[in-house]
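As structure tokens, the structure follows; a few thoughts come after it.
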Amino acid sequence: MNFHDTKMGHSFFERQLPQLIRSIDALAAALGKPVQPVVLPVEADPEFLSKLYLGEYESAPFQQTPEGAELTRAVNKAHEELEALLPESCHEKLMQYQDALTMREGVDLQRAYESGYRTAVQMIVAGLSRPVSRQTRAEEAGVCPICGDELDYEDDIHTDDGGFYPWKCINCKATGKEGYDKVFDQHYDVEDKDGNPFHAPAE
């Protein structure tokens, strides 16, 4: 029996080999294209990296503003007035309360800064990524029906009437299943009850 007549041969020639050829073609096309530099319409502070390295860079959320300074003065004034009204035995509790508020404010500010940073990076990455086309594509083995790129397969799963391969697109990360129907080919490795090979009579 020839290799292309076996189930493994069918899988190789009908799915794996075309997929390999497409991958090689895509790689050759990508290597043949000149890489264009990414130019963003913004200007960076020329001293940014040196300040960051030396620990002298202060991000905008931590910089004092006129509005923030005014609020700080109001808070300090309210604290002094409250402290004057309370007996001296309560002053320590008041300081503990203010310290707890200050610590919570610092944690909230840090979380807001981290969230803003992650959002900014996601926006940059999304802007530099290739857009995903939502056009309907013809059904083709090994090709993502959304973006047309190559599929990464998991192990095949057998069913009563055929089987399917779960897949994930290597480009747009879409997922799905590629289905196959069972089609009778021929019997293989037939043996009788005594273990003797059985050869079908020639027609």
Side-chain angles (χ1 to χ4, degrees), residues 1-42 44 49 59 108 110-203:
M1 179 182 299
N2 295 321
F3 175 67
H4 64 269
D5 292 327
T6 65
K7 181 178 180 181
M8 184 178 295
H10 283 300
S11 176
F12 175 76
F13 286 106
E14 294 177 5
R15 185 173 64 85
Q16 297 174 347
L17 183 59
Q19 184 175 344
L20 177 61
I21 294 174
R22 286 193 298 270
S23 299
I24 295 175
D25 289 342
L27 180 60
L31 293 176
K33 294 180 180 179
V35 179
Q36 298 293 332
V38 177
V39 180
L40 300 177
V42 294
L49 292 179
S59 179
D108 290 342
Q110 184 68 30
R111 290 180 58 192
Y113 178 74
E114 293 175 356
S115 177
Y117 179 83
R118 287 194 298 268
T119 302
V121 172
Q122 289 287 348
M123 292 174 66
I124 294 174
V125 172
L128 297 179
S129 301
R130 183 172 62 180
V132 178
S133 174
R134 295 296 181 181
Q135 297 178 355
T136 303
R137 297 177 178 272
E139 294 289 342
E140 183 178 353
V143 178
C144 177
I146 295 179
C147 70
D149 218 317
E150 183 181 351
L151 301 179
D152 183 24
Y153 291 94
E154 299 179 12
D155 294 335
D156 60 324
I157 299 176
H158 298 283
T159 61
D160 292 338
D161 56 352
F164 60 87
Y165 292 88
W167 55 259
K168 182 176 183 179
C169 178
I170 62 175
N171 174 50
C172 70
K173 309 306 179 185
T175 58
K177 298 176 182 177
E178 189 172 285
Y180 293 89
D181 295 328
K182 285 184 178 179
V183 178
F184 176 76
D185 180 18
Q186 65 182 70
H187 296 288
Y188 300 98
D189 301 328
V190 180
E191 298 178 350
D192 61 20
K193 65 179 181 178
D194 298 322
N196 299 313
F198 171 79
H199 300 285
E203 296 182 356

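Keep in mind that this is a model prediction, so the values were computed, not measured. Residues take their numbers from the sequence shown, with the count starting at 1. When reading the values below, keep in mind they use all heavy atoms of this one structure, side chains included, and skip hydrogens, waters and symmetry mates.
Closest heavy-atom contact between Asn171 and Cys147: ND2-SG, 3.4 Å. Taking both residues in full, the closest heavy atoms of Pro166 and Ile157 are given as CG-CD1, 3.9 Å, listed atom of the first, atom of the second, then distance. When all heavy atoms of Ile146 and Ala174 are compared, the pair lying nearest together is CD1-CB, 3.6 Å. In terms of heavy-atom proximity, Glu150 sits nearest to Ser23 at OE1-OG, 2.5 Å. Glu178 and Tyr153 get closest at one heavy-atom pair: OE1-OH, 2.6 Å.
Under the rule for a side-chain hydrogen bond (donor to acceptor under 3.5 Å, both in side chains), Asp155 has no partner lying at least two apart in sequence or in another chain.
For the atom pair Gln19 CD and Asp152 CG, the distance stands at 8.0 Å (nearest 0.5 Å). In this structure, NZ on Lys173 lies 11.0 Å from SG on Cys144, to the nearest 0.5 angstrom.
Atom CD of Glu191 sits in a crowded spot, with more than 12 heavy atoms from other residues, nucleotides or ligands closer than 6.0 Å.
With contacts defined as side-chain heavy-atom distances shorter than 4.5 Å, the pair Asp149/Cys172 does not qualify.
Remark: side-chain polar atoms of Ser115 are not paired, donor with acceptor, to backbone N or O of Arg111 under 3.5 angstrom.
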